[in-house]
Each structure stands twice: as C-alpha cells, then as structure tokens.
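Got a structure for you, questions after.
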Amino acid sequence: MEFTETEDRSTLRKYARDLAERELAPRATHWDEAEEFPQEAWDALKSAGLFGVTVGEDYGGMGMADVEAAIVLEELARADVSSAILAQLIFNGPPRAIEHLGNQALKDRWLPMAASGEGLFCIGITEPDAGSAANLMRSHLTDDGGGGYRLNAYKNYVTGGHKASACLVWTRFPGGDGAKGVGAVVVDLTAPGVSIAGTHKKMGLRACTEAELAFDDVRIEADDVLLAGNPIDTEAFKTLLAHLNHERCGNAAMCLGAAQGALEYAIRYMNERIIGGRPLADLQGLQWKIADMATQLDAARLLLTRAVTMAGPHGTPPALETAMAKAASNLAAKFVCDEAIQLLGGYGYSREYPVERAYRDIRGLCIGAGTVEVQRNYIGTNLLRGRTPAGGAWRNPLV
Ligand SMILES: Cc1cc2nc3c(=O)[nH]c(=O)nc-3n(C[C@H](O)[C@H](O)[C@H](O)COP(=O)(O)OP(=O)(O)OC[C@H]3O[C@@H](n4cnc5c(N)ncnc54)[C@H](O)[C@@H]3O)c2cc1C
C-alpha cells in the first residue's frame, strides 16, 4: 500500500477542501438549524464540476475511482456531512450503478445529468417493514405487456427523495419470493403515480433529509430496468448488494472527514483554553484522549484505504474489506466526535460549536448503508467460515 498521496490526488483533496471551507463551513450551522436543503452547497459543487468525479468521461465526468471519491467525500464532510451526502448520492449512488450495470439507454438518459449536477439521484431499498432484512420487501412489479411493468412500492428513508430527479428502486420482479427475483429499476420521479408521502425529522443530517416515496402503479418501460430479477434465483439481489460497497466506502469516508474536523477542532481548542494558568493541552489525561482519537481514526482510515485501493480504477470494493472499513469508520467517528464534545466541556454540548453537529450527523451514518451490526454479522460469519481479508498476515485458520 502506498502512503503518500499522488500529486493528482493531493491536488484534488486541496480543491475539495478549499471549496468546503469557503462554501460549506460558513453555512453548515444555518442549514442544520433551519433544516434547509443546502442549495448553495449544491450550486458550489456544480459550478466546481465536482459532481462528475466518478461518472465516465463519455458522459461528461472525470471517470475517477473509489479512492478519489473517498478523498472528496472526506474533505466535504469535514465541513458539512449533509452537503457531502449530495456528492455521495452521485458518486456512489444510482449513477454508479447505472454506469456499471445499466443498459445504454439508461446511461444516455441519466449520466450526463449526474455529471453536470443538473439533477439529484436517490435510492429506494428500505421499506417500513424491511430495513436490514431487505429481502422482506413488499415492493413488486407486475407485467404490463410489451416488456413493460407496473411498479407498486412504498419506500422509506430515501435520502434526498423529495429533491431528486430519479430513484433507483429495488423491487421484486414477477414470480419472485423473498430474495429471489429482487432486481432494480430506475424511476423518473415526475412520472404519474409517484408521490412524496412525507419527510423525516431527524437528530442529525438535518439539511439533507430522508423522504417516504409512494409508487402507485407506476409504468416502467423495458429500458428503465437496471437489473432484472429472475424469480428462480437471487443473483440480481446479490449483485445489487455487492454494488452497495461503493456506498459503504463513501459512508466510511464521510465519517472519517467529519471526525477529522472534530478532532482538529478539539486540538485547537485545547491549546487555546486556559484553566488555572495552563492550557488544556498540558493535561496528560486529555493528551491521552487525543492520542486514542487520532489512533482510532487513522486505523479506520487505513482500512478504508485498503478497501478502495482494492477496487482499482473501474472495479467495486471487496465485501469483507469494505464491511471492516465501514464498521471501523462508523465506530471511530462515534468515539472521536463524542470525545471532542467532552474535551470542549459545556461548549462542546452547545450548538454554537460544530463538534456536536458532527456527532449528530455521523450517528445517522452508523445506521445508513447497512448498520454497524449488519457489517459485524458479515465480518464475523465470513471469518468463521475461513474467509480472510487481504494482507500477508492472514491465513485461513480452518486449513
Ligand atoms: C441517515 C440515514 C439515511 C438513509 N438513507 C437511505 C436511503 O437513501 N435509501 C434507503 O433505502 N434506506 C436508507 N436508510 C435506511 C437504512 O438503510 C435502514 O434504516 C437500515 O438498513 C436499518 O433498517 P431499519 O431502520 O429497518 O432497522 P431494523 O432492520 O429494524 O434494525 C433495528 C436494529 O436491529 C439491528 N439488527 C437488525 N437485524 C439484525 C441482525 N440480523 N443481527 C444483528 N442486529 C440486527 C439493526 O442493526 C438495528 O440496530 C437510511 C437510514 C438513515 C439513518
């Protein structure tokens, strides 16, 4: 693994960081307090050309990989996670799935819009009675003749669903049962039969909320099918689950960015805050907190670097390494942001200081894109079956 960032990646990081500090950081508290969509962040990302990071060059993007996506997301989230999520939805959401798995008509229709930032995309997997167990979804398609379908679905917790142009909907194809026959279609959210049933009031990520979307007999053309589910197997469902590894790595990157911002804020604060004639930075008990925070954060960052590096220029991050990176980044961010609040004392608990917002924001990331528990299930069961993550130190303990 290479630990020095290439010049190109370092330039990209600086570009994203400068934009985040200039356009996002000064407005993040207002967006959070007002629960207002971060339109200025959207406009700034669009005019900086940053929405095109992972979209292919044929469609107006830069065709970069998960490594670059993680760099940009980390830097944006350092200033404001709600704004970073807008980029995450394009870098690692439906456009990425369309480019990797979709037909030419889907690519021509949606990818230029994604790269230019003309439209937002959202993903509808979760339902009121099917979250971690997505295979229990009720959403289904019925044949409508001529290769088309009718979609009936109620999707819950769709990030940005009230603002998006299109939604990637996971649904069961005719004849399927459980995970068998689950595939995905891309739905134009202006289509007849689509409605926004509500939006959620949340603890954090308040500028980029989640919507409930109802699909009532929505016509789906054959070209709108991203991946058809075959009622006799679970292959399409497995492909969709594997493709979520892009989103999980993006989620991990945002956690690291937000926690990095909180850690740096705490370090500055400890050097400025004088108690009994000495800065907080002089107190050994607090120095140990900083040591633990930085160590956990960098350990998680190394796991993420492994997962995104293994994806290569055009691939998908591997499942086991991604699950480890996501769980570690979620937990490290929770620990770091919590300790940052503690280090600032009463001010840390105040909404006038940014560390409590970072904590509230990353808390949601520990649930979205597969909860920490679901990642642990995957890691634990795979290790116990003899699968090993990449790295020379590991060998299969069962042989
Ligand atoms: C900020 C945020 C953004 C989101 N964005 C989207 C989105 O854009 N699109 C979308 O489709 N969904 C989205 N979600 C929904 C998210 O994917 C689900 O909330 C998540 O999968 C958990 O499902 P659930 O809420 O139904 O909880 P449940 O599945 O009911 O789980 C409840 C608790 O039980 C645990 N649990 C469940 N099963 C197991 C098990 N087998 N072993 C151990 N523990 C278990 C869970 O980890 C959790 O702690 C988002 C959620 C959040 C918070």
Side-chain angles (χ1 to χ4, degrees), residues 32 35 73 77 80-97 120-139 153-172 179 182 184-187 189 196-215 226 237 240-241 243-248 250-252 254-255 258 323 326-327 329-331 333-334 357-382 384:
D32 173 61
E35 298 196 51
L73 290 171
D80 181 34
V81 186
S82 286
S83 300
I85 284 177
L86 304 177
Q88 157 85 337
L89 285 167
I90 293 193
F91 293 179
N92 295 317
R96 187 72 89 93
L120 183 60
F121 292 77
C122 61
I123 179 158
I125 306 170
T126 306
E127 297 179 3
D129 295 321
S132 304
N135 56 312
L136 301 179
M137 68 177 62
R138 291 187 186 173
S139 166
Y154 192 91
K155 294 293 180 182
N156 192 15
Y157 253 94
V158 182
T159 303
H162 58 311
K163 293 281 182 184
S165 302
C167 183
L168 177 63
V169 179
W170 289 27
T171 185
R172 202 171 285 115
V182 171
V185 296
V186 181
V187 183
L189 292 181
I196 299 162
T199 52
H200 289 279
K201 293 265 177 208
K202 295 175 302 164
M203 167 184 180
L205 301 173
R206 286 153 53 104
C208 189
T209 198
E210 279 69 37
E212 298 190 16
L213 296 183
F215 301 87
L226 178 91
F237 185 57
L240 291 170
L241 282 176
H243 209 265
L244 277 186
N245 290 335
H246 293 290
E247 187 184 336
R248 296 195 175 108
N251 170 302
M254 291 190 289
C255 278
K326 185 189 187 277
S329 301
N330 288 171
L331 295 173
K334 198 148 65 118
R357 173 166 49 80
Y359 181 83
R360 288 187 284 110
D361 287 350
I362 64 89
R363 199 64 194 75
L365 298 180
C366 300
I367 299 168
T371 64
V372 171
E373 291 76 21
V374 166
Q375 306 311 310
R376 284 171 163 152
N377 283 351
Y378 188 84
I379 298 163
T381 51
N382 276 279
L384 286 162

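What's counted below: heavy atoms across the whole structure, side chains too, no hydrogens, waters or symmetry copies. Both counts, for ligands and for their atoms, begin at 1 and track the order of listing. Not measured: the values here are computed from a predicted model.
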Notebook entry, point to check: Which residue owns the protein heavy atom closest to atom 13 (C) of ligand 1, what's the atom, and how far is it?
Noted result: Tyr157 O, 2.9 Å

Margin query: For atom 4 (C) of ligand 1, which of the options Asp129, Leu89, Thr159 provides the nearest non-hydrogen atom?
Written below: Thr159

Checklist line | atom 52 (C) of ligand 1: any protein heavy atom closer than 4.0 Å | finding: yes

Next item on the list: Would you check, one step at a time, whether the test side chain to side chain contact (heavy atoms under 4.5 Å, CB included) holds for Lys201 with Glu35?
Entry: CA-CA 9 Å; Lys201 293 265 177 208; Glu35 298 196 51; 4.0 Å; yes

Check: Step by step, would you call Tyr154 with Arg138 a side chain to side chain contact (heavy atoms under 4.5 Å, CB included)?
Finding: CA-CA 8 Å; Tyr154 192 91; Arg138 291 187 186 173; over 6 Å; no

Notebook entry, point to check: Heavy-atom distance to atom 24 (P) of ligand 1: which of Gly131, Ala369, Gly93, Ala164 wins?
Noted result: Gly131

Check: Of the backbone atoms (N, CA, C, O) and the side-chain heavy atoms from C-beta on, which set of Ile367 has a member under 4.0 Å from an atom of ligand 1: side chain, backbone, both, or neither?
Finding: both

Item checked: Any N or O of Ser132 closer than 3.5 Å to N or O of ligand 1 -> yes

Check: Atoms of ligand 1 less than 4.0 Å from Ile125 heavy atoms?
Finding: 10 (C), 11 (O)

Next item on the list: Please indicate, with yes or no, if any protein heavy atom is found under 4.0 Å from atom 30 (O) of ligand 1?
Entry: no

Note to self: As an exercise, state the distance from CD1 of Ile85 to CG of Asp361, rounded to the nearest 0.5 Å.
What the structure shows: 7.5 Å

Next item on the list: Work out whether the distance between some heavy atom of Asn377 and some atom of ligand 1 is less than 4.0 Å.
Entry: yes

Margin query: Quick test: of every protein heavy atom, which one is nearest to atom 49 (O) of ligand 1, and how far off is it to 0.1 Å?
Written below: Glu373 OE1, 3.5 Å

Item checked: Contact (N/O only, under 3.5 Å) between Ile123 and ligand 1 -> yes

Notebook entry, point to check: So, does Thr381 use its side chain to make a donor-acceptor pair with the main chain of Tyr378 at under 3.5 Å?
Noted result: yes

Check: With only distance considered, is Glu210 within less than 3.5 Å of ligand 1 through an N or O on each side?
Finding: no

Note to self: Taking distance alone, with N or O pairs closer than 3.5 Å, would you say Val158 contacts ligand 1?
What the structure shows: no

Checklist line | Side chain Arg172, main chain Met137, donor-acceptor under 3.5 Å | finding: yes

Margin query: Just to be sure I read this right, does ligand 1 sit under 4.0 Å from the backbone of Lys202, its side chain, both, or neither, counting only heavy atoms?
Written below: neither

Margin query: Under 4.0 Å from atom 22 (C) of ligand 1, can you find at least one protein heavy atom?
Written below: yes

Margin query: Give the atom numbers and elements of ligand 1 that come within less than 4.0 Å of a heavy atom of Gly364.
Written below: 1 (C), 53 (C)

Next item on the list: Please test Val187 against Leu213 for side chain to side chain contact (heavy atoms under 4.5 Å, CB included), starting from the C-alpha separation and ending with a verdict.
Entry: CA-CA 11 Å; Val187 183; Leu213 296 183; over 6 Å; no

Check: Where do Cys122 and Gly161 come nearest, in terms of heavy atoms and distance?
Finding: SG-CA, 3.9 Å

Notebook entry, point to check: Would you say Lys155's side chain and Ile125's backbone share a donor-acceptor pair under 3.5 angstrom?
Noted result: yes

Notebook entry, point to check: In terms of the angle between their ring planes, are Tyr157 and His200 parallel, tilted or perpendicular, with boundaries placed at 30° and 60°?
Noted result: parallel

Notebook entry, point to check: Relative to ligand 1, is Leu205 under 4.0 angstrom through side chain, backbone, both or neither, heavy atoms considered?
Noted result: side chain

Notebook entry, point to check: For atom 18 (C) of ligand 1, what is the nearest protein heavy atom, given as residue, atom name and distance?
Noted result: Thr126 OG1, 4.0 Å

Margin query: I need the minimum non-hydrogen distance between Leu136 and Asp129, along with the two atoms involved.
Written below: CB-O, 4.4 Å

Checklist line | Nearest non-hydrogen protein atom, atom 46 (C) of ligand 1 | finding: Thr371 OG1, 3.8 Å

Item checked: Test side chain to side chain contact (heavy atoms under 4.5 Å, CB included) applied to Leu89 and Leu120, step by step -> CA-CA 7 Å; Leu89 285 167; Leu120 183 60; 3.9 Å; yes

Next item on the list: Spell out, as yes or no, whether a donor-acceptor pair under 3.5 Å connects the side chain of Gln88 to the backbone of Glu247.
Entry: yes

